[in-house]
Amino acid sequence: MEQQAFPRTHYCGTVRTEDIGKTISVCGWAQRSRNLGGLIFIDLRDRTGIVQLAFDEHTPKDVFDKAFTVRSEYVLAATGVLRERSSKNPDIPTGDVEVEVTKLRIVSRAETPPFEIVENSDVNDMLRLKYRYLDLRRPDMQRAILLRHKIGKVARDYYDEQGFYEIETPILTKSTPEGARDYLVPSRVHPGKFYALPQSPQQYKQLLMLAGFDRYMQIVRCFRDEDLRADRQPEFTQIDLEMSFVDVDDVIEVNEGFLKRVFYEILGVELETPFPRMPWKEAMERFGSDKPDLRFGFELKDITHLVKDCGFKVFSGPATSGGSVRLINVKGGSTFSRKEIDSLGEFVKTYQAKGLAWLKLSGDQRSSSFAKFLKEEEVDAILEAAEAQDGDLILVVADTSNEIVFAALGALRCECARRMNLLDPREYRFLWVTEFPLLTYSEEEGRFVAEHHPFTAPMDEDLPLLESNPLRVRAKAYDIVLNGTELGGGSIRIHQTELQEKMFSLLGFTEEEAQAQFGHLINAFRYGAPPHGGLAYGFDRLVMLMAGVPAIRDVIAFPKVQNASEPMTACPSPVGDKQLDELSIAITRKEED
RNA sequence: GGCCCAGUAGUUCAGUUGGUUAGAACGCCAGCCUGUCACGCUGGAGGUCGACGGUUCGAGCCCGUUCUGGGUCGCCA
């Protein structure tokens with residue numbers, strides 16, 4: 001019977017030349033073994049790195065024989081004397097030393113894994129996720145998960161120092177019809193009734209302000225039953241916070257402090273604060289997006305007025321019927337081939353643009369899809385507006401819907417930058433986008449809907465417009481944007497009962513409906529509400545950008561795939577009739593397997 | 001719900017104009033090997049070409065349908 005204790009003295013990756021001569025014990029997984037016949041080397045791996053175990057003619061025969069049988073991913077516990085290597089490996093931190101093993105325990109054997117446990121593997125995502133526990137053994141995944149832990153720790157430390165309490169809010173909560181689809185949880189005790197998993201702790205954190213906690217934060221799981229993207233999972237984590245007796249500047253200042261701190265502590269990057277701010281309207285006009293990537297130019301230019309009377313209907317049509325014609329100047333874009341420009345045309349069609357007009361200036365050559373339809377001076381005016389120079393590529397989108405023009409050109413400028421390799425993931429350009437519209441009109445529902453949520457406060461100077469022109473009202477809402485990704489967003493909330501009631505009525509709620517859905521909040525306001533506001537970060541996105549990886553999946557230990565299932569556990573899965581019966585649930589439609 | 005891309009050995013991929021027994025590298029197994037560290041050398045095993053249907057004398061390759069995954073539009077207060 002082998003001993004069961006693990007007298008580990010060192011983590012594998014931490015041994016150094018200072019430890020030479022010491023008897024040490026290490027535990028871990030066999031990364032690789034090199035069997036030279038009379039000499040065996042095994043790389044032993046744990047979360048800190050790798051150390052080389054050496055077995056040679058001095059090794060006791062039973063130990064040597066055991067080493068002979070070791071295969072990839074066997075779990076080993078080894079004891080021996082740390083010695084200097086006769087030939088060193090400069091590529092790893094422990095490359096100057098090795099363990100001359102005197103005792104070896106094969107703690108568990110392992111089947112050959114379905115893929116190699118190595119850094120930068122480009123194995124199929126599905127396979128990685130099915131065997132996520134193996135995938136997570138890879139050093140890059142270990143680093144990402146550790147980075148996530150450290151960022152969370154900085155957040156807790158920082159907000160604690162700033163006087164925030166971490167307070168938990170319920171996971172079983174009330175469904176609200178505004179916003180994303182809810183994940184529902186049936187109640188056994190109340191047949192036919194459901195809890196909802198929170199899309200965010202929004203209302204609870206406001207109630208905590210009403211309860212007098214003054215400053216709250218929480219690193220909290222949120223749930224939205226919507227389709228996935230590279231930066232969207234059905235369950236994701238927010239750094240959520242709320243503050244009392246503040247206005248926009250106060251929230252922004254505290255959070256600039258956090259971002260400055262976390263980027264310095266984790267990446268050693270010194271961010272300059274305050275970050276630039278840009279009103280939403282300006283962001284749309286200049287970048288066609290409410291989350292502009294500032295790492296490159298290609299800003300939008302409005303040429304509607306220049307083409308109103310031109311003979312080219314593709315331009316003059318939208319220009320004279322409430323739409324717009326806008327362009328971006330892709331500096332140095334004349335290197336794009338005709339084929340590539342055609343593919344950009346296909347690209348904008350995904351944003352419902354009807355097509356892409358272009359003009360290319362390379363040397364004395366001017367080629368264009370539209371110049372032949374315009375007068376010489378009209379083309380010149382467009383080129384002047386675009387500040388076009390030799391080597392540039394002008395891309396024009398015209399549509400009767402401004403939203404489509406913005407969406408298409410906003411996405412196109414990013415796509416061009418991607419194709420031209422202008423995006424340095426180690427350059428961090430932060431931006432506050434402010435003054436979002438308070439409301440938008442939903443054609444589908446035939447009413448106003450809140451752009452942010454129904455508790456967002458209007459800007460003081462726009463209050464009179466609430467009656468006269470609600471769509472012009474700007475909100476005390478702000479997003480923090482990093483390199484074209486919305487990292488977080490928040491707002492100052494309404495704390496006056498009358499204003500809140502006005503908002504609900506604008507949104508088309510009757511008093512009874514508002515009371516039924518938000519009564520807890522409305523009633524709470526009657527008992528003394530402090531002015532308050534807050535912000536929530538997409539924690540996964542923050543970690544993703546700081547880790548320099550392309551998807552939040554890469555910084556979540558057990559993520560879901562595009563159809564919202566999880567390959568390892570194969571959830572969601574059917575449940576038994578007994579369970580359903582207890583919940584008073586009948587299945588009316590089934591997925592075919 | 002729409003669009004784009006991918007699916008061939010355990011893994012990553014190649015596979016010509018539709019034509020013999022579908023290949024490579026890594027991994028795996030066996031043997032040899034005392035300073036390797038992507039060890040080396042020799043040999044070997046390993047395939048429902050995602051699935052179904054069609055065209056054809058003949059399909060990994062062409063056509064249709066479908067499944068799975070990735071990206072994206074819609075959606076995501």
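Each chain gets a letter, A, B and so on, in the order its sequence line appears, and its residues count up from 1.
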Inset, instruction - Please evaluate the base of B/rC76 for a donor-acceptor partner in the side chain of A/Arg224 within a cut-off of under 3.5 Å? - result: no
Inset, instruction - Return yes if the base of B/rG70 and the side-chain atoms of A/Arg128 contain a donor-acceptor N/O pair under 3.5 Å, otherwise no. - result: no
Inset, instruction - Verify the distance criterion only: is there a donor paired with an acceptor across the side chains of A/Tyr216 and A/Gln218 at less than 3.5 Å? - result: yes
Inset, instruction - State, without any angle test, whether A/Ser324 and A/Arg326 hold a side-chain donor-acceptor pair at a distance under 3.5 Å. - result: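 Yes, a side-chain donor-acceptor pair sits under 3.5 Å.
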Nearest listed nucleotide, side chain of [X], among [options]:
X        : options                : answer
A/Ala180 : B/rU34, B/rC76, B/rU72 : B/rC76
A/Thr112 : B/rU12, B/rG74, B/rC28 : B/rC28
A/Met126 : B/rU34, B/rU72, B/rG69 : B/rG69

Contact class for [X] (heavy atom, under 4.0 Å): base, sugar-phosphate, or nothing?
X        : answer
A/Arg553 : sugar-phosphate
A/Arg71  : sugar-phosphate
A/Ser72  : sugar-phosphate

Legend entry - Nearest heavy atoms of A/Leu409 and A/Leu395, plus distance in Å: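 Distance-wise, the nearest heavy atoms are CD2-O, 4.0 Å.
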[X] [atom1] to [N] [atom2]: how many Å, rounded?
X        : N      : atom1 : atom2 : value
A/Asp554 : B/rG70 : CG    : C1'   : 12 Å
A/Tyr183 : B/rC76 : OH    : P     : 15 Å
A/Arg138 : B/rU11 : CZ    : P     : 15 Å
A/Asn120 : B/rU11 : CG    : C1'   : 15 Å
A/Lys130 : B/rU68 : NZ    : P     : 15 Å
A/Tyr351 : B/rG71 : OH    : C1'   : 10 Å

Legend entry - Closest-nucleotide 5' rank along RNA chain B - winner of A/Gly38 and A/Val561: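 That would be A/Gly38.
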Legend entry - Contact nearer the 5' end of RNA chain B, comparing A/Gln352 with A/Gly179: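 That would be A/Gln352.
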Legend entry - Protein proximity profile, nucleotides 35-50 of chain B - base contact B, sugar-phosphate-only contact S, no contact -, cut-off 4.0 Å on heavy atoms: BBBSB-----------
Inset, instruction - Summarise how protein sits on nucleotides 1-10 of chain B as a single string, 5' to 3': B when a protein heavy atom is under 4.0 Å from the base, S for sugar-phosphate-only contact, - for no contact. - result: B--------S
Legend entry - Separation between the C1' atoms of B/rG58 and B/rG18, rounded to whole Å: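 My reading of the C1' atoms in B/rG58 and B/rG18 gives 8 Å.
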Inset, instruction - In whole angstrom, give me the gap between the P atoms of B/rG27 and B/rU21. - result: 31 Å
Legend entry - B/rA6 pairs with, by Watson-Crick or G-U criteria that keep both distances under 3.5 Å: B/rU68
